[in-house]
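Order of the sequence lines sets the chain letters (A, B, ...), proteins ahead of strands, with each chain counted from 1. Atoms considered below: every heavy atom in the structure, side chains included; atoms not considered: hydrogens, waters and symmetry mates.
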Protein chains: 2
Amino acid sequence: MNNSRFAISLHILTLLERAKGELLSSEFMAGSININPVLVRKELSNLRNHGFVDSKEGKNGGSYLSKSAKEINLADIYKAVKQNNLLGISKNTPNPQCSVGKQMNTHLNNLYNSTEQALVKELSSQTLADFSNHFD
Amino acid sequence: MNNSRFAISLHILTLLERAKGELLSSEFMAGSININPVLVRKELSNLRNHGFVDSKEGKNGGSYLSKSAKEINLADIYKAVKQNNLLGISKNTPNPQCSVGKQMNTHLNNLYNSTEQALVKELSSQTLADFSNHFD
DNA sequence: CATTCTGTAACTAAAATTATTACAGTACAA
DNA sequence: TTGTACTGTAATAATTTTAGTTACAGAATG
């Protein structure tokens, strides 16, 4: 994960948790994160698909948490956002004619899987509510 | 880490381990990894700075492991290669006028530190020798 | 002293990420 | 019933990051 989607999603969810059910507009959240509102809406779309938030269209619309922050742990957010391999593998096409190259991706994937498990385990120890409580 | 430097470094070190002291040229290694030889030399430069390998210049030159593969664990390699934060934070400049935005990076960094610790712990359980032994 | 390497710098190309523009659709409220 | 303020999403542009290439000085060999 090279992009900042995890940070953006966590920021959004933290804002929504602290809004205590009040609807927040994408523009407001974009102002807090300091990014473009369209990116917030895209990220909200993903969070909505994963059941974390709901949105209301139209005037005075906005988004809100659709489940308790205690029921969302940080690993859930990570999984909802993740697309690449943790340690990066954007281009990785070793030479199949080389005995090492041929087997590299298999062993690399095994390694990536176990490291990701460790990461997920660590992240799952904290809920969104816990994270949000760190803020004043 | 969004790039594939970890995979490249691990591939290089695996090749060198299996070469059992024989010098390998950057061009040979580039062939196995299927990338440009200059990238291999750049990565070797970093690995050299971290004391994992040494290189011999000139004709019949090349690189070799400068310490036992049993003394290099995968977390060492990760640390030698790492530059960004694990979960991505390329652009992250939240609004300091927002009470949440203002504190976000502090809490995000705490989180990143603990997840990275978990990752490093997992990686450190395997040495380069272990990894290399998985290959036929 | 020609050859084959390394070590780097400089530059180019490609890919990924982020930002912007545009606009249809929805809901509210005067 | 119509203007306003939102969402949702597509299309595109700009920016940043990553990877590849070219070029060449310097080192070791035979």
Side-chain angles (χ1 to χ4, degrees), chain A residues 1-9 11-12 15-16 19 22-31 33-50 52-64 66 81-85 87-95, chain B residues 1-9 11-12 15-16 19 22-31 33-50 52-64 66 81-85 87-95:
Chain A
M1 179 148 37
N2 31 1
N3 55 24
S4 49
R5 288 187 55 207
F6 178 79
I8 292 172
S9 281
H11 197 140
I12 289 172
L15 288 169
L16 294 179
E22 193 191 335
L23 300 202
L24 300 182
S25 73
S26 61
E27 186 150 2
F28 174 83
M29 295 191 272
I33 307 175
N34 194 22
I35 60 172
N36 194 285
V38 176
L39 288 186
V40 173
R41 297 208 283 271
K42 277 185 188 162
E43 217 45 53
L44 282 169
S45 170
N46 182 55
L47 293 171
R48 210 158 39 234
N49 290 336
H50 284 87
F52 299 140
V53 308
D54 255 320
S55 306
K56 188 183 160 200
E57 296 188 3
K59 194 172 180 180
N60 301 326
S63 300
Y64 55 96
S66 60
V81 146
K82 143 189 172 73
Q83 38 192 5
N84 293 324
N85 232 314
L87 293 164
I89 195 171
S90 54
K91 192 235 172 185
N92 193 333
T93 54
N95 186 344
Chain B
M1 181 148 34
N2 29 2
N3 55 25
S4 49
R5 288 186 55 208
F6 177 79
I8 292 172
S9 280
H11 197 141
I12 289 173
L15 288 169
L16 294 179
E22 192 191 336
L23 300 201
L24 300 183
S25 73
S26 61
E27 186 149 1
F28 173 83
M29 295 190 274
I33 307 175
N34 193 22
I35 60 171
N36 194 285
V38 176
L39 288 186
V40 173
R41 298 207 283 269
K42 278 182 186 164
E43 218 43 53
L44 282 168
S45 170
N46 181 56
L47 293 171
R48 208 157 43 233
N49 290 336
H50 283 86
F52 299 140
V53 307
D54 254 320
S55 306
K56 190 183 161 202
E57 296 188 4
K59 192 171 179 181
N60 301 328
S63 299
Y64 56 96
S66 61
V81 147
K82 144 188 168 76
Q83 39 191 6
N84 293 325
N85 233 313
L87 292 164
I89 195 171
S90 53
K91 193 234 171 186
N92 193 334
T93 55
N95 187 346

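One interatomic measurement links the two molecules: CG of B/Leu24 to C1' of C/dC5, which rounds to 13 Å at whole-angstrom precision. Nucleotide D/dT7 holds its P atom 12 Å from the CZ atom of A/Phe28, rounded to whole Å. Spacing between atom CD of B/Glu43 and atom P of C/dT8 amounts to 13 Å, rounded to whole angstrom units. Rounded to whole angstrom, the span from the CD atom of B/Glu22 across to the C1' atom of C/dC5 amounts to 15 Å. In this structure, CG of B/Leu47 is placed 14 Å from C1' of C/dG7, rounded to the nearest angstrom. When rounded to the nearest whole Å, the span between CD1 of B/Ile8 and P of D/dA19 equals 6 Å. A/Arg41 has its CZ atom 11 Å from the C1' atom of C/dT21, to the nearest Å. Distance, A/Lys42 NZ to D/dA11 P: 11 Å, rounded to whole Å.
Ranked by how close their nearest DNA chain D nucleotide is to the 5' end, B/Asn36 and A/Ser45 are led by A/Ser45. Place B/Glu27 and B/Val38 on DNA chain C by their nearest nucleotides, and B/Glu27 ends up nearer the 5' end.
In terms of phosphate contacts, B/Arg48 brings a side-chain nitrogen or oxygen within less than 4.0 Å of OP1 or OP2 of C/dG7. For D/dA5, neither phosphate oxygen OP1 nor OP2 lies less than 4.0 angstrom from any side-chain nitrogen or oxygen of A/Ser25. Of the side-chain N and O atoms in A/Ser4, one or more sit less than 4.0 angstrom from OP1 or OP2 of C/dT18. Residue B/Ser26 places at least one side-chain N or O under 4.0 Å from the OP1 or OP2 atom of C/dT6.
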Checklist outcome for this item: Quick tally for nucleotides 25-30 of chain D: nucleotides whose base has a protein heavy atom under 4.0 Å get B, sugar-phosphate-only ones S, the rest -, giving --BBB-

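Of the candidates D/dT7, C/dT6, C/dA19, the closest approach to any side-chain atom of A/Leu39 belongs to C/dA19.
Across all non-hydrogen atoms, the minimal contact from B/Ser55 to B/Arg48 is OG-NH1, 2.8 Å. Minimum interatomic distance between B/Ser66 and B/Val53 (heavy atoms only, all atoms of both residues): OG-N, 3.3 Å. Taking all atoms of both residues into account, the shortest heavy-atom contact from B/Leu24 to B/Leu15 is CD1-O, 3.6 Å.
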Next on the checklist: Apply side-chain contact (heavy atoms from CB on, under 4.5 Å) to residues A/Glu43 and A/Val81 and explain how you reach the verdict.
Outcome noted: CA-CA 9 Å; A/Glu43 217 45 53; A/Val81 146; 3.8 Å; yes

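A/Ser63 comes within 4.0 angstrom of nothing in the nucleic acid, heavy atoms only.
Residues that satisfy the side chain to side chain donor-acceptor pair (under 3.5 Å) test with B/Asn46, not counting sequence neighbours, are B/His50.
Between B/Leu23 and B/Asn60, the closest side-chain pair of non-hydrogen atoms is not below 4.5 Å.
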